[in-house]
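Report on one structure; see the data block that follows.
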Amino acid sequence: MAANTWQRLAGATALARAIVRPERADRLPRAVLAAAPWGATLPGVVAAASARYPTASAVVDDDGTLTYAELWSTTDALASALREREIGPGSAVGILCRNHRVFVQAMVAAAKVGADLVFLNTGFAGPQLADVAASEALAAVLHDDDLADVARAAEPRPTLSSDEIAELAARRSFTPVPPTHRSGRVVILTSGTTGRPKGAARSTTGGLDGLLPLLVIPMRARDTVVVAPPLFHAWGLAHLGFALARSSTVVLRRRFDPADTVAAVARHRAAGLVVVPVMLQRILALGDELSAFDVSNLRYLATSGSALGATTARAALERFGPVVYNLYGSTEVSVATIATPADLQADAATVGRPPPGSVVRVVDERGADVPAGVVGRIFVGNAGRFEGYTGGGGKEDLGGLISIGDVGHFDAAGRLFVDGRDDEMIVSGGENVYPAEVEDLLHGHPAVEQAAVVGVPDAEFGQRLRAYVVRRPGARVRAETLQAYVRERLARYKVPREIRFVDELPRTTSGKLRKQDLS
């Protein structure tokens, strides 16, 4: 039997374990009948969950609990309101909401009418939103009340505030919205760390291949998961989708607070916690305060969105135990590799191995595979890759695999390591330096909270390394001490010639470092 057939059989088994659990005999047929008119779409999975577990909690947020039956009926009411505004198949709806039920309701309702979903960054200023609204041809913007001034930049397009959405949703229509014959697209904006955000489009139609991470991460049906990253970001949105597909309970908060996040895990006996690395660092910085929270029910702590780093990985394993999963990928390629707790225990710097259905190659400039231990460009292929940018174009393609924009290497055991961005390489005195290695080492110093390394012009060496360092609270350390720390552990040409201490590093709202803002 072919290897990919075995993978699909393994996938079917894993998905069955994740989505189906022993229950009353009538529940599963009822769910299948409810989902059938919608197919494998977002409304389809919510219809199934509503039929199967109507009184179960779908969303828990700052305003309380929303059951699956309530999610279905309130989104029928909201979908009817969208249709009255002539929003339907072919329309593009922008969602400008923080992490709470209105985001979920807006997303499901817009999907019910067959609209494309465009997820807008809540950190946008008005001109940025206006630019995206024009480039994505938004028909409407659904937004939080406190973001009304920003949303107005999209005018003359109609807008609906979260208060208006809540009022419409409160009508709880019991007149079903007829299924559309068009499955809208999902458009996730790239983080914009190197310029104007671009829309990366995907179909909302899912299936086995779209849920491949379930094959590795121990997610189960009806789990409770705390999702901390912004839902407009691919990482947060993916876990919202995974949770709805599993009829699970998603715990959301409008704003991230490290202590409140861990308290939510304890209070709701959550099996899962989803974060980005900077959130995990802030949680670990709580130190002894963490012992006040019982997180023994935690089965997985999943992190992605930027580099985790070996120091943070080791600290998380020590604090939470063997439940840490580090996913590597991008908005365009979806999941490339997953580092399991066993992978991270073997080498905390790894980003793991490709899950079933994903192919990862590390190649030289001619496109030929390089041996283990040799650094090359990383290309990824899987069924979750994007369809292309909404404004046209895509990523560099190599035999059906696309560039993720990083360089890295495999070790002899088949684990992948990311050495840096392929456009961030610093050439200093003829030597190639990737900042990630130096950053991770600096972060391992007990006085360092965060670090970023960039290349700056140098008359003698072409470029020299400059490090920006955020000290841990109460810590005192001199630049010379950190330079000596690096010199003892790395080659001399990798030692930053200059270290600047700052209060914080510039980041996007999804936690990615904005190195272009460092000068």
Straight-line distance of Leu96 CG to Leu138 CG, nearest 0.5 Å
10.5 Å
Are Ser73 and Asp76 linked by a side-chain donor-acceptor pair shorter than 3.5 Å?
no
Atom OG1 of Thr122 and atom CG of Leu231: how far apart are they, to the nearest 0.5 Å?
10.0 Å
Do Val380 and Leu401 have side-chain heavy atoms sitting under 4.5 Å apart?
no
How about Leu189 and Phe124: do any of their side-chain heavy atoms sit closer than 4.5 Å?
yes
Mind checking whether Val177 and Arg83 have side chains closer than 4.5 Å, heavy atoms only?
yes
Assess the pair Phe103 and Phe119: is the distance between their ring centroids shorter than 6.0 Å?
yes
Name of the residue among Asp61, Asp144, Asp63 meeting salt bridge (Lys or Arg N to Asp or Glu O under 4.0 Å) with Arg254
Asp63
Using a strict cut-off of less than 4.0 Å between a Lys/Arg side-chain nitrogen and an Asp/Glu carboxylate oxygen, indicate whether Arg98 and Asp146 qualify as a salt bridge.
yes
Is it true that Asp223 and Ser248 share a donor-acceptor pair across their side chains at a distance under 3.5 Å?
no
Using only atom types and a distance under 3.5 Å, with no angle test, would you say the side chain of Asn382 pairs donor to acceptor with the backbone of Val335?
yes
For a 4.5 angstrom cut-off between non-hydrogen side-chain atoms, does Asp62 reach Arg253?
yes
Is there a side-chain contact between Ser304 and Tyr328 in this structure, where contact means two heavy atoms from C-beta onward sitting under 4.5 Å apart?
no
If only atom types and distance count, is the side chain of Arg299 paired as donor or acceptor with the main-chain N or O of Pro218 below 3.5 Å?
yes
So CD1 of Ile188 and CG of Leu120: to nearest 0.5 Å the spacing works out to 12.0 Å
